[in-house]
Amino acid sequence: MSEFVRNQWYVAAYGREIGRDLFSRTVCGESILFWRTEAGDVAAMSDRCVHRRFPLSQAPSHLVGDTVVCGYHGFTYDRGGTCVAVPGQTRIPRTARLTSYPVTELDGFVWVFIGDPANADAAHLPRAPWLDLPGWTTVSGMEPLAARHGLLVDNLLDLSHETYLHGGYIGTPEVAETPIVTRVDEDAGIVHVSRHMADAACPPFYAKSTGITGRITRWQDIEFTPPCLYLLHSRIAPVGVLPGADGTDPDAFHVEVVYALTPETEHSTHDFWAVARDFALDDQGVSDFLAENNRTVVLQDVAALNVLEQVIAAESDGYQELSINIDTGGLAARRMIAKLR
């Protein structure tokens, strides 16, 4: 049985990635062609010509107005995937039609729906508004992961690994030492994992971006909407500085870390990441530092998970996995994803 959750929206790209050049990305094993119409809307359809399966993203395929012309034999498609011209004849075969995918843009992401288009209700998309919100500055990127989607879910739901894998960047001893609180909201379809550290070392990632020189109060509050959108609400403040009774928090620094986890194949994943902050909004030096350091952290995860994928792929059936308290969030996410299949 396929591991993919279908009838589901997935992030296929950042909006900035898609323009008038033909662009391809594989989502859940399906190679999809993306491009912008002359009006600026995103179109998404299968990246295979119906005639001889030539990839429409491959030159010399090209756009003519709002139609895609196959660079192999000239089959031409409108934005909905319907063939409107074939070479050497006026009759267009009835089956000359590509799969068209519902697509929408939200919070800087381009989302594509995999499954029955009748179920594509964009009103229920999870949100990451900080990525496109006044008063916030964002850096972002995407790294290819040669490992299955579930390994990235496990990784992000258990941040204790920061202490060991990301020491010198975002990890400190307190992350692994502090117990977590896990809560599952079945109605909303969200897994919550929280770790609040009252007195912790300030890792370089935050010391150099915020300017805090001493120890900190550090909160990590995760919201994961299976199978694909992960939010880490990070609060950083000097020790003892807490939000006001009215909920205002002017003396803290807030960072929203966003991951979109998109399966490419059953053994590879698109790892979209973004870091939004509500401080030093116009400081390009801070942006450059956070972009470089977060990408380094992501690449450390990628290297570890790529190795883990190889180990799991080679192990015999029946291996007994050991889980402990720090795994409660990841195990809850696994259960919710299994229900969605």
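- A chain of hydrophobic side-chain contacts below 4.5 Å, direct or via other Ile, Leu, Val, Met, Phe, Trp or Tyr residues, connects V255 to W273.
- Checking S57 against D47 by side-chain atom types alone, a donor-acceptor pair falls below 3.5 Å.
- With respect to the salt-bridge test (charged N to carboxylate O, under 4.0 angstrom), the residues R215 and D199 qualify.
- Every residue meeting the side-chain hydrogen bond (donor to acceptor under 3.5 Å, both in side chains) condition with D107, not counting sequence neighbours, appears here in chain and number order: R127.
- Using a 4.5 Å heavy-atom threshold, the side chains of L331 and T182 count as separate.
- In this structure, H62 contributes its side chain and P60 its backbone to a donor-acceptor pair below 3.5 Å.
- With I114 as the partner, the side-chain contact (heavy atoms from CB on, under 4.5 Å) test is satisfied by one option alone out of N7, I32, V5: I32.
- If you run ring-ring contact (aromatic ring centres under 6.0 Å, His included) between F272 and each of Y14, Y230, W111, only Y14 comes through.
- In the model, H192 has no side-chain atom that pairs as donor or acceptor with a side-chain atom of D185 under 3.5 Å.
- Listed for the T178 side chain is a donor-acceptor partner under 3.5 Å among the backbone atoms of E174.
- Ring-plane geometry between F113 and W9 is classed as perpendicular, the angle between the planes exceeding 60 degrees on a 0 to 90 degree scale with a lower cut at 30.
- Between I337 and the options R335, R341, K339, a side-chain contact (heavy atoms from CB on, under 4.5 Å) holds for only R341.
- No hydrogens or angles considered: nothing links the side chains of T37 and D66 as a donor-acceptor pair under 3.5 Å.
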